[in-house]
2 protein chains.
Amino acid sequence: MEARHAVLFEPVSIGPKTLPNRFYQVPHASGFGSARPRAQAAFRAIKAEGGWGGVCVEYAPVSPDSDETPAIAADIWDNRDARALGLAAEAIHAHGALAGLELYHGGASSPNGGSRTVRLAPSQLTSGVQRGGLAKEMDTADIARIQRNWVQAAQWARDVGFDIVYVYGAHGYLMTQFLSAYANRRTDGYGGSLANRGRFWLETLAAVREAVGSDCAIATRIAVHGDCGVPGAEGLPGIHADDMLTLVKMADDLVDLWDVIVGSWPEDSGTSRYFPEGHERPWAHRMREATAKPVVAVGRYTSPDLMAEVIRSGAVDLIGSARQAIADPFLPRKVAEGRLDEIRECTGSNMCILREETFNHIGCVQNATAGEEYRRGWHPESFPAPADSGRPVLIVGAGPAGMECAVVLGRRGFTAVHLVEAEPEIGGRLRWTRRLPTLGDWGRIIDWRAVQLAKLPGVKVITGRRLAAADVLDYGADLVVLATGSSWRGDGAQPGYPDPMPGADPALPYVLTPEQVCAGKRPPGRRVIVYDTDGYYVASGVAELLAADGFEVTIVTTFAVLSPVSDETLEGDMLRAHLHRAGIAVQHATTITGIGAGSVTGQCRHGEPWSAACDGVVLVTQQVSQDGLYTELAGDGAALAAAGISGLYRIGDAVAPRMISEAIFDGHRLAREIDERDPGQPAPYRREGADPR
Amino acid sequence: MEARHAVLFEPVSIGPKTLPNRFYQVPHASGFGSARPRAQAAFRAIKAEGGWGGVCVEYAPVSPDSDETPAIAADIWDNRDARALGLAAEAIHAHGALAGLELYHGGASSPNGGSRTVRLAPSQLTSGVQRGGLAKEMDTADIARIQRNWVQAAQWARDVGFDIVYVYGAHGYLMTQFLSAYANRRTDGYGGSLANRGRFWLETLAAVREAVGSDCAIATRIAVHGDCGVPGAEGLPGIHADDMLTLVKMADDLVDLWDVIVGSWPEDSGTSRYFPEGHERPWAHRMREATAKPVVAVGRYTSPDLMAEVIRSGAVDLIGSARQAIADPFLPRKVAEGRLDEIRECTGSNMCILREETFNHIGCVQNATAGEEYRRGWHPESFPAPADSGRPVLIVGAGPAGMECAVVLGRRGFTAVHLVEAEPEIGGRLRWTRRLPTLGDWGRIIDWRAVQLAKLPGVKVITGRRLAAADVLDYGADLVVLATGSSWRGDGAQPGYPDPMPGADPALPYVLTPEQVCAGKRPPGRRVIVYDTDGYYVASGVAELLAADGFEVTIVTTFAVLSPVSDETLEGDMLRAHLHRAGIAVQHATTITGIGAGSVTGQCRHGEPWSAACDGVVLVTQQVSQDGLYTELAGDGAALAAAGISGLYRIGDAVAPRMISEAIFDGHRLAREIDERDPGQPAPYRREGADPR
């Protein structure tokens, strides 16, 4: 271990418990909840095994009044739920960490589609998050009941082994709805003054402490900077930092651990596109004005040096992590063992959150094993040795899927893996993606793999060599994996229009693909249209690149909002404001169906004809697999047999263009299963459900 | 039974099986799948009990390549899944009906977020339904594998007792992707000519028939009218009716039951706003050109007379139903017993589909028990008798919640229920909603309850009597239920802006609430703005009403698309086209923050100042509970005690304004539980999940 990191490994007392070190996995969603208890337990246990001294389960609704269906939360409504969650506590303890449970109530934010109960809130208000109805203004019986639920849930949590129980006071959820003068319009003792608005939270803290405080540490999550300025977003305005610090002082005796965030979720879980590492530091530091109790704060910390510096500054006591602990559950151990170059850094792209927002179980672009610990038996640092490690494997293409496949094969102990890339550098489409404005940290996907590949004796990386089918046959490989990727079509075929678009030909000076733009091609005049039917980062990235070069850019998109996928990574509002400030215009709900010299034509929302003058158009319409090599090889089984190739596989975008996370997952999976009976097909995975008998 | 309905009760042979009558519950989603097998079984069993001769479970993906997460489908991937689904077959058989399972593959439409496998399709295409990646062009090994999966699933289905197995060939799913010249761009034997495009479907039918055809009836669902003209929607263009009939002839020997739909889901499950009862009849009738095998067709049939006429016409053999069977599982029995006035007609509002689209279990605006058969033990026609039926109950307010509560109390056998309404008619907000253009069928919510209330000896309906708190105290009731509803705020408070809007005062001639418009108030000039922050039917309904009166109407909405909730009921595209044709303009993504005489002011998408001239503005911004009576009564416990009132409850919008379906659910629930220990709180419901031990 580097001496400068030693401070990270000091134990920290929180109430009646002691954390073994300063690495703390804060509560965050997994999609497993209490309904999939074994997947939950395995997912959390890996982090404890990786060295995180405190490991928390996600938000745990204390009552059916906070039913998060279709999201799967850690409901703790009865004894069976508690026993299910207890599996996680047990699994975390097995590795010497403390286990935390974030008891929670969503108030007006809870959809309650499963329970079909009315939503609760301090006042009758429309949630910015949930449509379809207003909330009930809680009466004092409701308040008392929710507090009883909270105490009961805390007792259950203690009984099944949790060391830390939360009174969740942050983001835009029930406690914050009470704290916020914006959302809380009550005229009774729970509204009005700061003390009154804080009463529900303080009373709940006191009741939970009274019930379990001698057995468990009492944690609370709060937003120091609660005024995010976006009415109706997940963060609620109406709580100012100074007020919050006053409340912290009022609650300090009741709290063993302060878990500090900023109030707006898109800022709190800010992506690397718009927030640097440690961006929440100023707010966390203000906590020291109000408390001497242990403080944990997040901020997408990925660097152990910065983590140690933050601790030494005295502002916080624990390094909180959600995303970095997903990307690399073994970060603490790697720091402890001085294996710093093995740390798999979070890219800050929020694929984890995209999966949550689409109601899927957790996933990670960097760590394909995240969420698959129980489901597929995958471990992020442990790989099954092959029966025959000497089989020569040729991987063609070193993009996301190919790099990942090679790393996993190397870690499994394969000794004769060749990763052959046609371009002078590895990285595939990430080579140009990382050079788009704001997307630099996505390059960590390449960087980590490049470092690991260099360390793996069984893997040889060869760049600048383009293999034809005959080369593959002659290569001497037993197993061949084609990871030849995809490219953007320049012919204007697009969702809903499978045929080429009249006039779309990227050989023309005024028709461009994203790759061409990144390689330096520019339109012959100032006015350029970026046409987006993709809905994620490429169109905005290319538009920003061109705007920075002085072009007058309009994004024309079929979507009603620009880049809808970015809403699922929490970036949408920031992205759109950012492009607006950059002077990039947007034409919504419009389809381009023809390109001419100097103009494009198409139709708007109701089919009305539409056209615009422009000097060039970039087509961010649809990708196409580069699968020619596969087709040629797969079509000649005799040649494969004669060449001694016993297995031919495709991975990543060469199969179908998709998210980078899914291409990496695909490469990882194949490498894990390449010596199973039918490696082309994923092995069955374990599902948790009700027993039919 | 009426003689004219006798034809509906004739048995019908399908392959090796015989349906006891012509009532057939076609496959439709429930949200229970194979993961919640007891809820699934109970939900389907009720329909069999109610007299449906054939009862099908929903879409059953045959492989993890068709993983519908986060929707819960009837996955049949292994033996455990099959046993789970077998509970439904068993429960259906207990009532003498045949059980069907709709084996399915979504192809490019399947999100595969749980399995994380690549999507499959005949060609690499973007699904209009799923973002985030293209599909893999299936190779012949994929085709053979999916066919093996289908056969295996059919064998499992047979083994656990299903009588009918499907080869799902309709909507925009895998089989249709093959059938469609639009989606199928293959150059091998599975693409090109009609016979080639039909090969995958025909081969699968043959293989399934070979495997289970002597034990089970083989059904297939197809779209005769497959060209919906909306590229990328759930229905795929590229299949014309004549082609489809050719395919029907080719497949006829392999099929025991043809399940006919139209190709576009928004048309197939068309709402009453845009499609009349029996709207699919012309297409179903064309089937007779191609087959003499039994045909089942849907069309939101609610009238037994029309059902009988359709059968007698010879065009179809079975009346298919999804929505009417949800609204009234006992329709067949009621027809058989001549209890026609007890049939609870489907409103065609698609609340069932809204719940599916939001990944919830099934629900129904008309039938609050739908989906709650196992979860809460509710039966649509059977109600627990109270311990003390003579307790006098006063319900104040005969809107959706109050009417439902009174009906359920009456059916439970309460003998002294008074339902007192201030207005001259019952119905609450539905009184004016049903008079908005296209919303007439929503009036069935009132009509059915009005008829039942008139038949219930224990319930007295009193209209035109407005009760003050003193009247309630003097009424002589033991239990008091307040269902006083909600109204639209005229003060301009809106999501994100909890304070009144400057200039918003409905006493002014140019500021209007929806209720005022429905009651006849009109702006003082021609140009009117309808301001919508609600996102569902009210703004469009009021706009259409005013446009029909000759006003020049613009809807200003904070949403990026008009009426986003209507997308969840499948109406969005039709609604927007309909309004566009009616000459109603729309200003999107705009917030109004001030009203003056002759203009409104606010801001657009990026906060830019915005204003518009107008002669009047209708505020469809936010509702508010009419809870004054409750507050007054609840605040004086001594007076309640003195009046002998042992229970005071609130239901519906008086608690919190919400969807009509949820208000009805609330009234139903209270009536079921009013004599339990704590009726104000819903009793716990049963959840199915993994066992922790």
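Naming convention: chains lettered A, B, ... in sequence-line order (proteins, then strands); numbering from 1 in each chain.
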Peer 1: Just give me the residue among B:His606, B:Glu372, B:Glu688 that pairs up with chain A most often, heavy atom to heavy atom, under 4.5 Å.
Peer 2: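 Ranked by heavy-atom pairs under 4.5 Å with chain A, first place is B:His606.
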
Peer 1: Please find the pair of heavy atoms, one from A:Pro498 and one from B:Tyr182, that lie closest to each other, and give the distance.
Peer 2: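 Closest heavy-atom pair between A:Pro498 and B:Tyr182: CD-CE1, 3.4 Å.
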
Peer 1: With a 4.5 angstrom heavy-atom cut-off, is it the side chain or the backbone of B:Val586 that approaches chain A, or both, or neither?
Peer 2: neither

Peer 1: Would a 4.5 Å heavy-atom cut-off, applied to side chains only, mark B:Arg669 and A:Arg116 as touching?
Peer 2: no

Peer 1: Mind listing the closest non-hydrogen atom pair of B:Ala656 and A:Val118 along with its distance?
Peer 2: CB-CG2, 3.6 Å

Peer 1: Identify which of B:Val655, B:Leu354, B:Leu85 forms the greatest number of heavy-atom pairs closer than 4.5 Å to chain A.
Peer 2: B:Val655

Peer 1: Considering non-hydrogen atoms only, spot the tightest contact between A:Leu87 and B:Pro692 and give its length.
Peer 2: CD1-O, 3.6 Å

Peer 1: Under 4.5 Å from any heavy atom of chain A, what part of B:Ser115 do you find: side chain, backbone, both or neither?
Peer 2: both

Peer 1: For B:Arg576, which atoms come within 4.5 Å of any heavy atom of chain A: side chain, backbone, both, or neither?
Peer 2: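 Both backbone and side chain of B:Arg576 come within 4.5 Å of chain A.
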
Peer 1: Which atoms form the tightest heavy-atom contact between B:Pro37 and A:Ala690, and what is the distance?
Peer 2: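 Between these two residues, the closest heavy atoms are CD-CB, 3.9 Å.
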
Peer 1: How many angstroms lie between atom CG of B:Leu134 and atom CD of A:Gln622, to the nearest 0.5 angstrom?
Peer 2: 5.0 Å

Peer 1: Is there a side-chain contact between A:Thr69 and B:His361 in this structure, where contact means two heavy atoms from C-beta onward sitting under 4.5 Å apart?
Peer 2: no

Peer 1: What part of A:Arg687 lies closer than 4.5 angstrom to a heavy atom of chain B: side chain, backbone, both or neither?
Peer 2: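 For A:Arg687, the contact with chain B is made by backbone and side chain together.
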
Peer 1: Find the distance between CZ (B:Arg83) and CG (A:Asp691) and round it off to the nearest 0.5 Å.
Peer 2: 6.5 Å

Peer 1: When rounded to the nearest 0.5 angstrom, what is the spacing between CG in B:Asp678 and CZ in A:Arg145?
Peer 2: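 One gets 8.0 Å once the value is rounded to the nearest 0.5 Å.
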
Peer 1: Under 4.5 Å, counting heavy-atom pairs only, tell me which of A:Asp627, A:Thr358, A:Asp499 racks up the most with chain B.
Peer 2: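 Top count of heavy-atom pairs under 4.5 Å with chain B: A:Asp499.
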
Peer 1: When you measure from the side chain of B:Arg605 to the backbone of A:Val561, do you find a donor-acceptor pair of N or O atoms at a distance under 3.5 Å?
Peer 2: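 Such a contact is absent between B:Arg605 side chain and A:Val561 backbone.
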
Peer 1: Taking all atoms of both residues into account, what is the closest heavy-atom pair of A:Arg355 and B:Gly113, and its distance?
Peer 2: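 Closest approach of A:Arg355 to B:Gly113, heavy atoms only: NH2-O, 2.6 Å.
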
Peer 1: Give the member of B:Arg36, B:Gln623, B:Arg185 that has the highest number of heavy-atom pairs under 4.5 Å with chain A.
Peer 2: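 Most heavy-atom pairs within the cutoff with chain A belong to B:Arg185.
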
Peer 1: Is it the backbone or the side chain of A:Ser625 that comes under 4.5 Å from a heavy atom of chain B, or both, or neither?
Peer 2: both

Peer 1: Side chain, backbone, both or neither: which part of A:Asp653 has an atom under 4.5 Å from a heavy atom of chain B?
Peer 2: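 A:Asp653 has no heavy atom closer than 4.5 Å to chain B.
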
Peer 1: For the residue pair A:Trp77 and B:Tyr685, does the interplanar ring angle fall in the parallel (under 30°), tilted (30 to 60°) or perpendicular (over 60°) class?
Peer 2: perpendicular

Peer 1: Tell me, side chain or backbone of A:Gln40 under 4.5 Å from chain B's heavy atoms, or both, or neither?
Peer 2: neither

Peer 1: When heavy-atom pairs shorter than 4.5 Å are enumerated against chain A, which of B:Asp142, B:Asp81, B:Thr533 gives the highest number?
Peer 2: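 Of the candidates given, the most pairs with chain A belong to B:Asp81.
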
Peer 1: With rounding to the nearest 0.5 Å, note down the distance linking NE2 in A:His588 to NE2 in B:His588.
Peer 2: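 Reported to 0.5 Å precision, the distance equals 10.5 Å.
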
Peer 1: Under 4.5 Å from any heavy atom of chain A, what part of B:Asp666 do you find: side chain, backbone, both or neither?
Peer 2: neither

Peer 1: Which residue out of A:Ala41, A:Ser486, A:Pro70, A:Pro64 racks up the most heavy-atom pairs below 4.5 Å with chain B?
Peer 2: A:Pro70

Peer 1: Measure distances from A:Asp65 to the heavy atoms of chain B and classify the residue's part below 4.5 Å as side chain, backbone, both or neither.
Peer 2: side chain

Peer 1: Between A:Asp139 and B:Arg650, which heavy-atom pair has the shortest distance, and what is it?
Peer 2: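 Scanning both residues completely, I find the closest heavy atoms to be OD2-NH2, 4.4 Å.
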
Peer 1: Flag the pair A:Gln124 / B:Pro657 as yes when at least one side-chain heavy-atom distance between them is below 4.5 Å, and no otherwise.
Peer 2: yes

Peer 1: Can you tell me how far OG1 of A:Thr631 sits from CD of B:Glu137, rounded to the nearest 0.5 angstrom?
Peer 2: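 B:Glu137 atom CD to A:Thr631 atom OG1 measures 8.0 Å (nearest 0.5 Å).
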
